[in-house]
Amino acid sequence: MTKRDGEYAPAAIESKWQERWNEADLFRAEIDHDKPKHYALTMLPYPSGDLHIGHWYAMVPPDARARWMSMRGYNVMYPMGFDSFGLPAENAAIKNNTHPGKWTYANIERMRGQLRSMGNMFDWKREAVSSDPEYYRWTQWLFLKLVENDLAYRKRAPVDFCPKCNTTLAREQCIGDDRLCERCSTPVVKRDLTQWFFKTTHYADELLDFGKFDWPQRVLTLQDHWIGRSKGAEVTFTTEAGDDLTVFTTRPDTLWGATFMVIAPEHPLVEKLTSDEQRDAVEAYVAEATRATDIQREAADREKTGVFTGGHAINPVNGEKIPIWIADYVLMTYGTGAIMAVPAHDTRDFEFARKFDIPIRIVIAPEGEEPPAVEDLTEAYVVKGPMVDSGELTGTPADQALPKAIAYIEEKGSGKGAISYRLRDWLISRQRYWGCPIPIVYCDSCGIVPVPEDQLPITLPDDIEWKPTGESPLKLHETWKKTDCPTCPMEAERETDTMDTFMCSSWYHLRYLSPEHDQGPFDQEEYDYWMPVDSYTGGIEHATMHLIYTRFFHKALRDAGVVKGDEPMSQLRNQGMILGEDSEKMSKSQGNVIAPDDLVQRYGSDTVRSFLMFFARWDMGAPWNSKGIDGTARWLKRVYSLIPGGVDDAPEQADAAVLRQLRRKTHQALQRVTRNFEQYQFNTVVSSLMELLNHMTDAARAGAVGSSEWDESCRLYVLMLAPVAPHLADELWHEMGNEDFVHRQSWPEVDAEAAAEDEVTLVVQVNGKVRDKIQVPADVTKEKAEELALASDAVKKHLDGRDPRKVIVVPGKLVNVVG
RNA sequence: GCGAAAGUGGCGGAAUUGGUAGACGCGCUGGAUUUAGGAUCCAGUGGGGCAACCCGUGGGGGUUCGAGUCCCCCCUUUCGCACCA
């Protein structure tokens with residue numbers, strides 16, 4: 001080998017190797033029972049038009065890890081596809097007067113090319129596109145499975161509606177305290193509509209079981225809060241008219257302190273409970289509450305409002321007759337839409353009672369303490385202690401109060417222990433065109449009829465007016481909705497709403513298994529081999545949307561007998577976000593967007609890949625730094641010029657010590673890189689490689705080139721580089737005389753002996769402060785280390801004549817003399 | 001208000017999980033080479049001090065021979081939830 005002359009020219013190298021990998025079908029993933037499988041999955045992109053640097057950040061480090069897994073002997077599948085139904089296509093269609101599909105598929109074509117420029121090990125034969133009829137045929141089929149298994153239903157309910165997107169939204173798609181539309185940030189409003197729902201709440205408890213998989217604690221906490229399980233009781237009060245009025249409470253032990261009840265303005269009993277004298281006031285209040293948006297209603301700091309119905313109910317534990325009020329701080333969507341109010345011990349009820357001058361009664365008091373007089377209370381009396389003034393249960397200690405109160409009401413037949421969830425069923429109907437049609441037909445005589453399997457897919461019509469009106473464009477189509485009833489000779493109408501696109505993305509990992517399979521959503525043999533997903537990567541923003549939906553979907557399909565296992569993704573890791581150079585979120589209007597195409601053109605894919613792995617902790621993200629990438633570019637240039645030929649003007653031969661050190665540094669780097677890949681710590685993978693290159697440069701200058709140690713270092717270096725900078729690695733690998741692709745090589749084993757230090761720097765401390773450093777053999781004995789430390793001049797000086805009281809020796813590391 | 005995470009040089013970040021704080025890279029400062037540099041190479045770079053040394057991981061306590069790392073209190077930032085009965 002001689003020193004290299006040419007400059008590093010990534011463009012030529014990268015296109016050459018991408019072509020050769022393609023020709024060899026190198027990344028085709030096929031079932032191989034002789035190898036352990038590894039299903040690597042990155043959340044699929046929406047085909048918005050251009051690949052963003054964020055897409056690279058989401059896809060490239062996981063690609064490096066997938067390649068590393070492959071070199072470690074795993075049969076790796078890393079598929080990619082497009083989540084291609086959705087609103088932006090319709091908005092673009094309206095703007096440019098083109099069909100949403102045309103826009104979508106043009107974008108997909110463009111993005112495929114951009115994705116290829118990453119040099120990722122995607123198996124393109126497994127590509128799945130959710131707006132293809134061959135894909136959504138099975139989305140519809142899966143919908144029918146849920147219907148069949150009683151996990152889908154149609155209901156008229158107040159639903160969240162985005163006036164700008166002109167469609168309903170799932171609860172999860174209304175973001176933040178302002179309840180903004182997830183897509184366009186417009187405040188959502190309530191509408192009363194008949195819509196399709198999935199019973200996510202059916203799996204609320206199972207969705208809280210996080211014991212079966214390795215996901216970040218952060219995501220689990222978010223899901224835990226989102227599901228929001230509360231334990232308590234349902235208690236039934238009786239109204240004057242004899243109707244049951246059931247409330248949910250987490251504090252059945254305070255039942256004796258209930259001095260009024262509150263029902264939500266939308267509660268079905270409002271009409272019946274209202275007395276003639278109160279009718280005008282109630283109607284005015286309900287009208288007002290309906291007009292107010294959820295934002296205004298749910299603001300916690302807003303002063304309580306409400307109105308008396310004129311009606312009363314009987315408290316089942318003590319037979320007391322208490323007034324029923326209407327107030328918008330009680331939500332129809334949580335619990336039963338009605339509460340018993342215990343103003344003494346609940347801040348909200350207290351505030352309400354004081355405002356409307358309703359009696360307050362204390363029923364909990366700390367052990368051995370006299371409770372204050374109610375008229376002296378300035379806020380709710382939130383205390384722990386035994387029950388007081390509570391009939392037969394008076395005196396029940398705090399730790400027994402809940403079970404005893406529940407047992408008491410159960411015995412009386414007026415209630416039972418109950419659990420309430422914050423999670424709501426998933427509203428999947430959307431009044432838009434560019435989505436998967438819901439395969440349902442409405443017949444005047446048969447009612448709701450699922451479309452038979454053999455008539456799938458129900459495809460979207462192309463001749464359509466897609467201007468949003470708040471109604472589904474499919475509804476306004478002249479002929480599309482007209483059909484024959486599948487079960488009787490009558491004419492019938494198709495469902496004209498389409499499905500939430502989260503439905504399409506809840507099962508895409510299954511379509512990748514066999515995207516061309518036409519006998520079912522996936523090929524069972526592929527499923528049995530590849531599932532579950534071993535490494536799932538994507539942004540944290542999906543914690544309470546996609547990641548809950550896909551878990552729900554898997555469980556629903558399991559119970560429908562379609563899939564096996566309890567969880568679809570065994571391991572999840574989240575990447576952070578790349579901000580603009582100004583530390584703001586990247587956006588076109590901010591003018592701080594970094595375009596990966598430009599970077600690839602200027603630096604080459606390998607440099608962009610390496611920099612994305614290096615510049616920040618992957619799970620944290622960071623602001624972009626356009627200067628920083630030059631450092632990574634320099635590194636790869638130096639790799640290219642050093643390996644394998646070395647440097648000019650070096651001695652013929654190196655000392656044995658130099659060669660020994662070269663081997664040591666090489667194997668130490670291998671040790672670190674291996675561990676860092678395992679733990680998704682991509683930044684230190686690259687920094688370890690940079691560090692090793694610095695050592696190799698020193699060794700080359702000291703004459704190491706030509707030795708077997710040098711050759712080994714070069715070989716290991718290129719193998720370690722392969723997942724990070726795959727094109728350059730293959731180029732160097734072949735220059736070094738190898739025939740096969742570097743990506744088909746095995747990940748090297750660490751030679752522990754080579755990595756071991758034979759001399760270590762012994763840190764010598766006096767009272768915990770570093771005072772000296774002594775070179776000693778790595779296997780120095782405790783006694784010898786202590787002796788050497790005590791003999792040190794620096795130690796003697798800092799002991800200042802005192803005798804050491806204690807000497808702590810950490811073998812091979814440090815001696816601390818306490819004096 | 002509740003919950004979670006994070007605070008380390010001018011900047012991004014290392015620290016093998018209780019044992020040399022600041023690896024690696026950016027930036028900066030000198031120098032070499034060059035007609036030129038947003039090129040390349042060499043040296044330096046936490047703060048203070050001529051030095052011996054002293055100080056230093058958001059702040060304050062504590063445990064320990066020894067704390068960026070463990071415990072308690074506080075502050076700041078980011079994210080999530082928020083009248084959930």
Side-chain angles (χ1 to χ4, degrees), chain A residues 7 175-177 216-226 228-230 232 247-251 254 261-262 264 297-304 327-331 333-342 346-349 351-352 420-423 540-541 543-544 577 610-611 614-617 619-632 634-635 637-638 641 668 671-672 675-676 681 683-694 761-773 794 797-798 804-810 812-819:
Chain A
E7 280 272 304
I175 307 294
D177 48 355
Q217 188 55 47
R218 204 160 138 230
V219 174
L220 304 185
T221 306
L222 285 172
Q223 293 204 348
D224 189 81
H225 288 184
W226 190 263
R229 185 180 198 268
S230 296
V247 302
F248 174 76
T249 175
T250 54
R251 292 296 302 276
T254 62
M261 301 183 79
V262 186
R297 282 185 53 176
E298 290 184 8
D301 47 8
R302 182 166 150 259
E303 200 182 331
K304 297 275 177 294
D328 63 10
Y329 80 90
V330 171
L331 310 173
T333 43
Y334 183 79
T336 61
I339 63 162
M340 62 166 199
V342 184
D346 180 282
T347 33
R348 295 153 302 183
D349 299 346
E351 209 186 306
F352 194 84
S420 197
Y421 300 91
R422 217 184 75 96
L423 182 75
I540 185 80
E541 68 273 15
T544 55
M577 207 193 316
S610 307
F611 184 60
F614 176 67
F615 92 112
R617 258 178 65 174
D619 58 338
M620 303 271 269
W624 183 257
N625 179 345
S626 56
K627 282 263 166 63
I629 192 170
D630 288 323
T632 314
R634 265 195 288 275
W635 166 57
K637 271 185 216 165
R638 288 173 51 219
S641 77
Q668 286 178 347
Q671 221 162 20
R672 277 204 301 274
R675 187 176 59 231
N676 294 158
Q681 285 164 2
N683 55 340
T684 47
V685 165
V686 177
S687 70
S688 297
L689 288 174
M690 287 175 169
E691 213 178 336
L692 178 56
L693 190 76
N694 294 342
T761 306
L762 192 65
V763 174
V764 181
Q765 301 181 327
V766 177
N767 294 327
K769 288 192 184 204
V770 180
R771 296 302 182 189
D772 203 358
K773 291 169 186 182
K797 184 180 156 201
H798 284 277
R805 278 193 286 129
K806 195 171 170 186
V807 180
I808 282 128
V809 181
V810 183
K813 278 225 167 119
L814 118 174
V815 180
N816 188 10
V817 181
V818 186

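Chain identifiers are assigned alphabetically (A, B, ...) following the order of the sequence lines, protein sequences preceding nucleic acid strands; residue numbering begins at 1 within each chain.
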**Asked** Within a strict 4.5 Å, meaning less than it, do heavy atoms of the Met340(A) and Thr254(A) side chains meet?
**Response** yes

**Asked** From C81(B), A85(B), C24(B), pick the nucleotide closest to the side chain of Trp226(A)?
**Response** C81(B)

**Request:** Indicate syn or anti for G9(B), taking the glycosidic torsion and treating anything within 90° of 0 as syn.
**Result:** syn

Each nucleotide N or O in nucleotides 42-45 of chain B that has a protein N or O under 3.5 Å away: list the pair and distance.
| residue | atom | partner | partner atom | Å |
| --- | --- | --- | --- | --- |
| C42(B) | OP1 | Arg701(A) | NH1 | 2.8 |
| C42(B) | OP1 | Arg701(A) | NH2 | 3.0 |

**Request:** Give the nucleotide from the list U20(B), G25(B), A85(B) with an atom nearest to the side chain of Met690(A).
**Result:** G25(B)

**Prompt:** Is Tyr329(A) close to Glu351(A) at the side-chain level, that is, under 4.5 Å between some pair of heavy atoms?
**Reply:** no

**Asked** What are the two closest non-hydrogen atoms of Thr250(A) and Ser230(A), and how far apart are they?
**Response** CG2-CB, 4.0 Å

**Prompt:** Roughly how far apart are Thr684(A) OG1 and Leu689(A) CG, rounded to 0.5 Å?
**Reply:** 10.0 Å

**Asked** What heavy-atom pair brings Ala622(A) and Ala616(A) nearest, and what distance separates the two atoms?
**Response** CB-CB, 3.6 Å

**Item:** Min side-chain heavy-atom separation Arg251(A)-Val342(A) under 4.5 Å
**Value:** no

**Prompt:** Distance between the P atoms of U8(B) and A14(B), in whole angstroms?
**Reply:** 12 Å

**Asked** How would you list, by chain and number, every residue that makes a side-chain contact (heavy atoms from CB on, under 4.5 Å) with Asp346(A), sequence neighbours excluded?
**Response** Arg348(A), Asp349(A)

**Message:** Would you measure the distance from the C1' atom in U57(B) across to the matching atom in C41(B) and give it in whole Å?
**Reply:** 34 Å

**Whole-Å C1' distance, G56(B) and G47(B)** = 7 Å

**Request:** Scan Asp349(A) against the nucleic acid and name what it touches under 4.0 Å (heavy atoms): base, sugar-phosphate only, or nothing.
**Result:** nothing

**Asked** Over how many whole Å does the gap from Leu814(A) atom CG to G18(B) atom P extend?
**Response** 15 Å

**Request:** Nearest whole angstrom, please: distance from the C1' of C83(B) to the OH of Tyr329(A).
**Result:** 8 Å

**Request:** Assign Arg638(A) to base, sugar-phosphate, or nothing according to its heavy-atom contacts below 4.0 angstrom with the strands shown.
**Result:** sugar-phosphate

**Request:** Sugar-phosphate means primed atoms, P, OP1 and OP2; the rest is base. With that split, encode nucleotides 3-16 of chain B 5' to 3' as B, S or - using protein heavy atoms under 4.0 Å.
**Result:** S--------BSS-S

**Prompt:** According to the Watson-Crick and G-U wobble definition with distances under 3.5 Å, which dot-bracket string, read 5' to 3', encodes RNA chain B, using [ ] for crossing pairs and | for pairs with another strand?
**Reply:** (((((((..(((......[....)))((((((.......))))))(((....)))..(((((..]....))))))))))))....

**Asked** Where does U8(B) fall, syn or anti, if syn means a chi angle no more than 90° from 0?
**Response** anti

**Residue whose nearest RNA chain B nucleotide is more 5′ - Tyr421(A) or Glu691(A)** = Glu691(A)

**Complete:** Residues at least two apart in sequence or cross-chain that pass salt bridge (Lys or Arg N to Asp or Glu O under 4.0 Å) with Arg771(A), listed by chain then number, are none

**Asked** On a whole-Å scale, what distance lies between the P atoms belonging to C71(B) and C83(B)?
**Response** 33 Å

**Item:** Qualifying residues under side-chain hydrogen bond (donor to acceptor under 3.5 Å, both in side chains), relative to Gln765(A), sequence neighbours excluded
**Value:** none

**Asked** What's the spacing between Arg422(A) CZ and Trp226(A) CH2 if we round to 0.5 Å?
**Response** 4.5 Å

**Request:** Taking the six-membered ring of Phe352(A) (Phe, Tyr or Trp), confirm whether the NZ or CZ of Lys304(A) is under 6.0 Å from its centre and within 45° of its axis.
**Result:** no

**Prompt:** Nearest heavy-atom pair of Leu762(A) and Gly812(A): which atoms, and what distance?
**Reply:** CD1-C, 4.4 Å

**Prompt:** How close or far is atom P of A85(B) from atom CG of Asp328(A), stated in whole angstroms?
**Reply:** 17 Å

**Request:** For the side chain of Lys797(A), starting at C-beta, report the closest nucleotide among C53(B), G19(B), U40(B).
**Result:** C53(B)

For nucleotides 54-58 of chain B, which of its nitrogen or oxygen atoms have a protein nitrogen or oxygen under 3.5 Å away, and what is each distance?
| residue | atom | partner | partner atom | Å |
| --- | --- | --- | --- | --- |
| C54(B) | OP1 | Arg771(A) | NH1 | 3.4 |
| C54(B) | OP1 | Arg771(A) | NH2 | 3.1 |
| C54(B) | OP2 | Arg771(A) | NH1 | 3.0 |
| C55(B) | OP2 | Lys769(A) | NZ | 3.2 |

**Complete:** Closest non-hydrogen atoms of Leu331(A) and Ala264(A), given as atom of the first, atom of the second and distance, are C-CB, 4.0 Å

**Item:** Set of side-chain contact (heavy atoms from CB on, under 4.5 Å) partners for His225(A), sequence neighbours left out
**Value:** Thr221(A)

**Item:** Minimum side-chain heavy-atom gap Lys806(A)-Asn816(A) below 4.5 Å
**Value:** no

Report, one pair per line, the protein and nucleotides 33-38 of chain B atoms (nitrogen or oxygen only) whose separation is under 3.5 Å.
| residue | atom | partner | partner atom | Å |
| --- | --- | --- | --- | --- |
| G38(B) | N2 | Arg602(A) | NH2 | 2.6 |

**Request:** Would you kindly give the CG-to-C1' distance between Asp224(A) and C2(B), to the nearest whole Å?
**Result:** 13 Å

**Request:** Grab the CD-P distance between Glu541(A) and C79(B) for me, whole Å please.
**Result:** 13 Å

**Request:** Let me know the distance between CG of Asp346(A) and P of G1(B), rounded to the nearest Å.
**Result:** 18 Å

**Message:** I'd like to check the side-chain contact (heavy atoms from CB on, under 4.5 Å) partners of Val219(A); sequence neighbours left out, ordered by chain and number.
**Reply:** Trp215(A), Pro216(A), Gln223(A), Ile540(A), Ala543(A), Leu547(A), Leu572(A), Asn574(A)

**Message:** Using the side-chain contact (heavy atoms from CB on, under 4.5 Å) criterion, which residues pair with Lys773(A)? Sequence neighbours excluded.
**Reply:** Thr761(A), Val770(A)

**Message:** Is there a side-chain contact (heavy atoms from CB on, under 4.5 Å) between Asn694(A) and Arg638(A)? Walk through the geometry before answering.
**Reply:** CA-CA 9 Å; Asn694(A) 294 342; Arg638(A) 288 173 51 219; 2.7 Å; yes

Give every pair of a protein N or O atom and an N or O atom of nucleotides 62-68 of chain B that lie under 3.5 Å apart, one pair per line with the distance.
| residue | atom | partner | partner atom | Å |
| --- | --- | --- | --- | --- |
| C65(B) | OP1 | Lys806(A) | NZ | 3.3 |
| C65(B) | O2' | Asn816(A) | ND2 | 3.2 |
| C65(B) | O2 | Asn816(A) | ND2 | 2.5 |

**Item:** Nucleotide U20(B), atom P - distance to NZ of Lys773(A) in whole Å
**Value:** 10 Å

**Message:** If I pick the C1' atom on G44(B) and the same atom on A52(B), what distance separates them, to the nearest angstrom?
**Reply:** 23 Å

**Request:** Return the value, rounded to whole Å, for the distance between atom CD of Glu7(A) and atom P of A39(B).
**Result:** 13 Å

**Request:** Taking the six-membered ring for Trp and the single ring otherwise, decide whether the centroids of Phe611(A) and Trp635(A) are under 6.0 Å apart.
**Result:** no

**Prompt:** Does any non-hydrogen side-chain atom of Glu691(A) lie less than 4.5 Å from one of Arg672(A)?
**Reply:** yes

**Prompt:** Mind checking the P distance from C50(B) to C11(B)? Whole angstroms is fine.
**Reply:** 26 Å

**Prompt:** When you compare C73(B) with G3(B), how far apart are their P atoms, in angstrom units rounded to a whole number?
**Reply:** 12 Å

**Prompt:** Which part of the nucleic acid, if any, lies within contact of Arg634(A), taking any heavy atom under 4.0 Å across all strands shown: a base, the sugar-phosphate backbone alone, or nothing?
**Reply:** sugar-phosphate

**Request:** Sticking with atom C1', work out how far A43(B) lies from U33(B), rounded to a whole angstrom.
**Result:** 15 Å

